[in-house]
Amino acid sequence: MADRPRLRIRYRVTEGLLDAIEERCDLVFCDGPVLACDDAELARTWGIWTFGETIDDALLDRMPELRCVLNFGVGVDGIDRDALARRGIAFGWPVGANAEAVADHAMALLLAVQHRIVECDALVRSGAWAADGYLPLGLRDAAGTRLGVVGLGAIGRAFVRRARGFGMEVRYATPRPLLDAHAQELGVTLMDLDELMGWADIISLHCPLTDETRGLITRERIARLRPDAVLINTARGAVVDEAALVEALVDRRIAGAGLDVFADEPHVPAALLDLPHVVLTPHIADATPGAERNLVEHCVRVVLETLG
């Protein structure tokens, strides 16, 4: 290994936040996947700072000098954490660092769908608002609606706090229920997931992608949604049976969806692209200065602790 540890980073982040580690490491900014390099480069790498790349035993066998893995986000699907632990490799997982930004984005999607913001914007830009015979689009209330939250980690709880400001009645489903005192403080009620799907006006997904949650929102559960229901997903695309969701939206069996994540990113099912009652964003919910700073600061602390 070189005298200074070599840290490969997906892209350059907020100025100044990396100064403390730049003094002690050779930083390589990849402007893309950090693992897209030859074996010689991998073999001399001390640390990798990335997201969305597969990190498993097969990769780790090629990286004998690796001592630190930093996940620039909170989703850890694709990372074999057990393999890292077996090898004594430090893992930076900034749980909760992006919670406020993702909760903001989820609420923005909810409001955009309920108030048909994208459709109304297109209507104004096209001149249709000024045309003879113009009739306003029918909007839907957000305030006072029944909200079902699936997953109640840091992001889910942040989203619930926002929902309470809209006077929503909130129920949630999770395999790890809150203590009664915490649920009462947050103003939420536990409900079985199948019941929740049929009860809610809006379902918002906030669970991680794990073996337990992959395909959690099945075709059968989507069928339980009422015709006026909306689904919001800022979690992971593979939590949902995407084909079944697309069919429900195309057939207008549910009222709409706000989606920041997809099963095969960056590919989006073509059928969604022409649906006016679906709002789509490119997995960007936590791409805010505040969230980036929180994520970076956590990762920098892990690097410094690992360096000793």
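The figures that follow rest on heavy atoms only: side chains count, while hydrogens, waters and symmetry mates do not. Throughout, numbering of the chain's residues begins at 1 and tracks the sequence. Keep in mind the model is a prediction, meaning the values are calculated, not measured.
Hydrophobic cluster membership is shared by M63 and V69, with clusters built from Ile, Leu, Val, Met, Phe, Trp and Tyr side chains linked at under 4.5 angstrom. Using a 4.5 Å cut-off between side-chain heavy atoms of Ile, Leu, Val, Met, Phe, Trp and Tyr, with links allowed through other members, V300 and V302 fall into the same hydrophobic cluster. Transitive grouping of hydrophobic side chains (ILVMFWY, heavy atoms separated by less than 4.5 Å) brings V278 and V246 into a common cluster. Both L259 and L275 are members of a single hydrophobic cluster when ILVMFWY side chains are connected at heavy-atom separations under 4.5 Å. Cluster membership check: V239 does not share its hydrophobic cluster with I79, using side-chain heavy-atom separations under 4.5 Å among Ile, Leu, Val, Met, Phe, Trp and Tyr.
A salt bridge is defined here as a Lys NZ or Arg NE, NH1 or NH2 lying under 4.0 Å from an Asp or Glu carboxylate O, and D57 with R86 meets this definition. Ion pairing between R176 and E212 holds under the 4.0 Å rule for side-chain N and carboxylate O. Under the 4.0 Å criterion applied to side-chain N and carboxylate O atoms, R6 and E65 are not assigned as salt-bridge partners. Classification of E265 and R236 as a salt-bridged pair fails, no side-chain N sitting under 4.0 Å from a carboxylate O. Classification of R219 and E242 as a salt-bridged pair fails, no side-chain N sitting under 4.0 Å from a carboxylate O. Salt bridge annotation for D77-R214: absent, with no cationic side-chain nitrogen under 4.0 angstrom from a carboxylate oxygen.
Between R252 and H277 the shortest heavy-atom distance is NE-CE1, 3.3 Å. E169 approaches R171 most closely through the heavy-atom pair OE2-NH2, 3.1 Å. The two atoms that bring W199 and G148 nearest to each other are CZ3-N, 4.2 Å, heavy atoms only. Across I48 and L7, no two heavy atoms sit closer than the pair N-CD1, 3.8 Å. A173 and L190 make their closest contact through CA-CD1, 4.4 Å (heavy atoms, listed as atom of the first residue, atom of the second, distance). The nearest pair of heavy atoms linking D38 to E41 is OD1-N, 2.8 Å.
For the atom pair CD1 of I254 and CG of L245, the computed distance is 5.5 Å after rounding to the nearest 0.5 Å. Taking CG from D39 and CZ from R44, the interatomic distance works out to 13.0 Å, rounded to the nearest 0.5 Å. Taking OG1 from T288 and CG from D104, the interatomic distance works out to 7.5 Å, rounded to the nearest 0.5 Å. Within the model, atoms CD1 of I232 and CD1 of I203 stand 10.5 Å from one another, a figure rounded to the nearest 0.5 Å. Taking CG of D286 as the reference point, atom NE2 of H283 lies at 6.5 Å (rounded to 0.5 Å). Rounding to the nearest 0.5 Å gives a distance of 9.5 Å between OG1 of T50 and CZ of R8.
The environment of CG in D180 is sparse: at most 12 heavy-atom neighbours from other residues, nucleotides or ligands sit within 6.0 Å. Summarising the local packing, CD of E297 is surrounded by more than 12 heavy atoms from other residues, nucleotides or ligands at distances under 6.0 Å.
Counting only distance, with no hydrogens or angles, the side chain of T45 and the backbone of G47 share no donor-acceptor pair below 3.5 Å. Using a distance-only test at 3.5 Å, with no hydrogens or angles considered, a donor-acceptor pair links the side chain of N294 to the main chain of A97. Formation of a donor-acceptor pair under 3.5 Å by the D251 side chain with backbone atoms of R253 is not found in this model. The backbone N or O of E22 lies less than 3.5 Å from a partner atom in the side chain of R4, making a donor-acceptor pair. Checking side-chain atoms of D80 against main-chain N and O of L84 turns up no donor-acceptor pair under 3.5 Å. Judged by distance alone, with hydrogens and angles left aside, the side-chain atoms of T213 form a donor-acceptor pair with the main-chain N or O of P208 at under 3.5 Å. In this structure a side-chain-to-backbone donor-acceptor pair under 3.5 Å is present from R221 to L216.
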Go through L147 and D201 one step at a time and tell me if the side-chain contact (heavy atoms from CB on, under 4.5 Å) criterion holds. CA-CA 6 Å; L147 172 67; D201 299 310; over 6 Å; no

Could you walk me through whether F159 and V102 satisfy the side-chain contact (heavy atoms from CB on, under 4.5 Å) test, starting with their C-alpha distance in whole Å, then the side-chain angles of each, then the deciding distance to 0.1 Å, before giving a yes or no? CA-CA 8 Å; F159 184 70; V102 177; over 6 Å; no

Residue pair L59, T54: steps toward the side-chain contact (heavy atoms from CB on, under 4.5 Å) verdict: CA-CA 8 Å; L59 172 72; T54 299; over 6 Å; no

Is there a side-chain contact (heavy atoms from CB on, under 4.5 Å) between V149 and T174? Walk through the geometry before answering. CA-CA 9 Å; V149 177; T174 176; over 6 Å; no

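By the 4.5 Å heavy-atom criterion applied to side chains, F72 and V296 are counted as neighbours. Residues V160 and M168 form no side-chain contact, since every pair of their non-hydrogen atoms from C-beta on lies 4.5 Å or further apart. W46 is not listed as a side-chain neighbour of D26, based on a closest heavy-atom distance of 4.5 Å or more. Two residues are said to be in side-chain contact when any heavy atoms from C-beta on lie closer than 4.5 Å; L193 and V150 meet this criterion. Taking 4.5 Å as the limit, every side-chain heavy atom of Y172 sits out of range of all side-chain heavy atoms of L186. Counting heavy atoms from C-beta outward, R87 and D61 have side chains that approach closer than 4.5 Å. Within the 4.5 Å cutoff, side-chain heavy atoms of L304 are placed close to those of I21. Between I217 and M197 there is a side-chain heavy-atom pair separated by less than 4.5 Å.
Note that R10 lies in the cation-pi zone of F51, set by a 6.0 Å cut-off to the ring centre and a 45° limit from the axis. Taking the ring centre of W93 as origin, the terminal cationic atom of R81 falls inside the region bounded by 6.0 Å and 45° from the ring axis.
Between W129 and Y134, the ring planes are perpendicular. Angles over 60° get that label, and only those under 30° would be called parallel.
Remark: aromatic rings of H267 and F262 are distant, center separation not under 6.0 Å.
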Using atom types as modelled, flag every donor-acceptor pair under 3.5 Å from a side chain in residues 105-117 to any protein atom, sequence neighbours excluded.
from, atom 1, to, atom 2, distance (Å)
H105, NE2, T281, OG1, 3.0
Q114, OE1, R140, NE, 3.2
Q114, NE2, D141, O, 2.6
R116, NE, E119, OE2, 3.0
R116, NH1, G138, O, 2.9
R116, NH2, E119, OE1, 3.0

